[in-house]
Amino acid sequence: MHNTTAVLIELGAIILALGLLGRIAGRVGFSPIPLYLLAGLAFGHGGMLPMQASEEFTATGAEIGVILLLLLLGLEYSASELVTNLKTQYPSGAVDFVLNAVPGAVAALVLGWGPVAAVALAGVTWISSSGVIAKVLGDLGRLGNRETPVVLGVLVIEDLAMAVYLPILTALLAGVSLAGGAVTLLISLGTVGAVLYLALRHGRLISRAVSSDSAETLLLVVLGLTLVVAGLAQELQVSAAVGAFLVGIALSGEVAEGASSLLTPLRDLFAAVFFVFFGLSTNPADIPPVLVPALLLAAVTALTKVATGWYAAHRAGLRGAGRWRAGGTLVARGEFSIVIAGLAVGVEPRIGPLATAYVLILVVIGPLTARFTEPLARRLTRGPRKVAPATATTPAESTHANA
């Protein structure tokens, strides 16, 4: 069979399968991410029916998927919102980092994977899934709840921290020296600071320069600009994902809303391809040896995420029920964990299978903890019912009462 024909058939089969899996996930009420990962495992190296002709094309599509994930995330926030959240939520962000990144780093060191893998696995266990959590909040009808801004605030801090974390990880994975890593970090911090300043002071001018009455033109300009900036960021070892995130932050108002609506279908397509590609590059035979560590890590970091949400809601002055709901909502991991693991598999191949198993566990458990953490905590913390002591009555009092 001609190579082009094989590529078209394989790509068509992959996209069709993704659509069917997405429909199944929608009916069940869960995120399709675990199904996408399982599909990749089934048709990747060591799977039931390996696909090879379209692997190179799929890899490129996966890179675009990561870029679009971060671009759309940046479009959801304005620079002023990021700065405000950074000022008010940084203590919760610090607690989030300590409670959830440390278990991943410790696990990597205990497994003997080395310090670079420890930094990578720390990121895998640290960052919650914004996409899964947003869907869960909508499904449960909690978008108007008092704890929802607290949850979103923690997610914003995590997203902003990625702009610092990813360049550090990229430099470490590239084997850059300490001095080179410091330069990369300074470039990243300087870039983030410059973009936030320009977006705060001149955001309207940037948006006006990109704006267009034609949906086609707006789509092409925003997508082209994002890919160029992502490529330049990758060349500077700052990370293509961070470059895309900063482009999203720089755009605001009607331009951001229009670009978001136009790019969302593309993001959904290429993000799905990304999850499938990650599964394709993971050998299913490599998962059983890391399944026990993945289960233990999932159990520990599910509890630490609940503690993170509880603390953040407590700082916001919420009562017990809201605190437990916030904690349970933050448990799910997803796209960022896979992105980080995908960067690190070249240094430590075992991170891929562990991250796959870890995400599969928590992306399924996450919606359940969001729904049941608060009622379970209420039941466990409810004290024994107090029964009013019976009082003795005299025959005279009894006769008077019955009169």
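This chain uses plain numbering: 1 for the first residue, then up along the sequence.
- Listed here is the closest heavy atom pair of I351 and A344: CD1-CB, 3.9 Å.
- Between K305 and D96, the shortest heavy-atom distance links the atoms NZ-OD1, 2.8 Å.
- Counting all heavy atoms, side chain and backbone alike, A312 lies closest to V154 at CB-CG2, 3.9 Å.
- In E63, the CD atom is not crowded: 12 or fewer heavy atoms of neighbouring residues, nucleotides or ligands sit closer than 6.0 Å.
- Put simply, the side chain of R142 gets close to the backbone of A370: a donor and an acceptor are under 3.5 Å apart.
- A heavy-atom distance below 4.5 Å is not found between the side chains of V339 and I127.
- Taking CG of L223 as the start and CD1 of I64 as the end, the distance is 7.5 Å to the nearest 0.5 Å.
- Checked by atom type and distance alone, the side chain of E147 never pairs as donor or acceptor with a backbone atom of A313 at under 3.5 Å.
- With a 4.5 Å cut-off on side-chain heavy atoms, L219 and L266 count as touching.
- A donor-acceptor contact shorter than 3.5 Å links the side chain of Y165 to the backbone of V119.
- Checked by atom type and distance alone, the side chain of T226 never pairs as donor or acceptor with a backbone atom of A244 at under 3.5 Å.
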Chi angles and distances behind the side-chain contact (heavy atoms from CB on, under 4.5 Å) call for L330, T369: CA-CA 9 Å; L330 285 169; T369 59; over 6 Å; no
Stepwise side-chain hydrogen bond (donor to acceptor under 3.5 Å, both in side chains) test for T304 and N100: CA-CA 6 Å; T304 54; N100 297 285; 2.7 Å; yes
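- Using a distance-only test at 3.5 Å, with no hydrogens or angles considered, a donor-acceptor pair links the side chain of R323 to the main chain of L318.
- Atom OH of Y358 is separated from atom CG of L297 by 5.5 Å, given to the nearest 0.5 angstrom.
- What you find for L72 and S260 is that their closest heavy atoms are CD1-OG, 3.4 Å.
- Side-chain atoms of S129 do not come within 3.5 Å of backbone N or O of A332 as any donor-acceptor pair.
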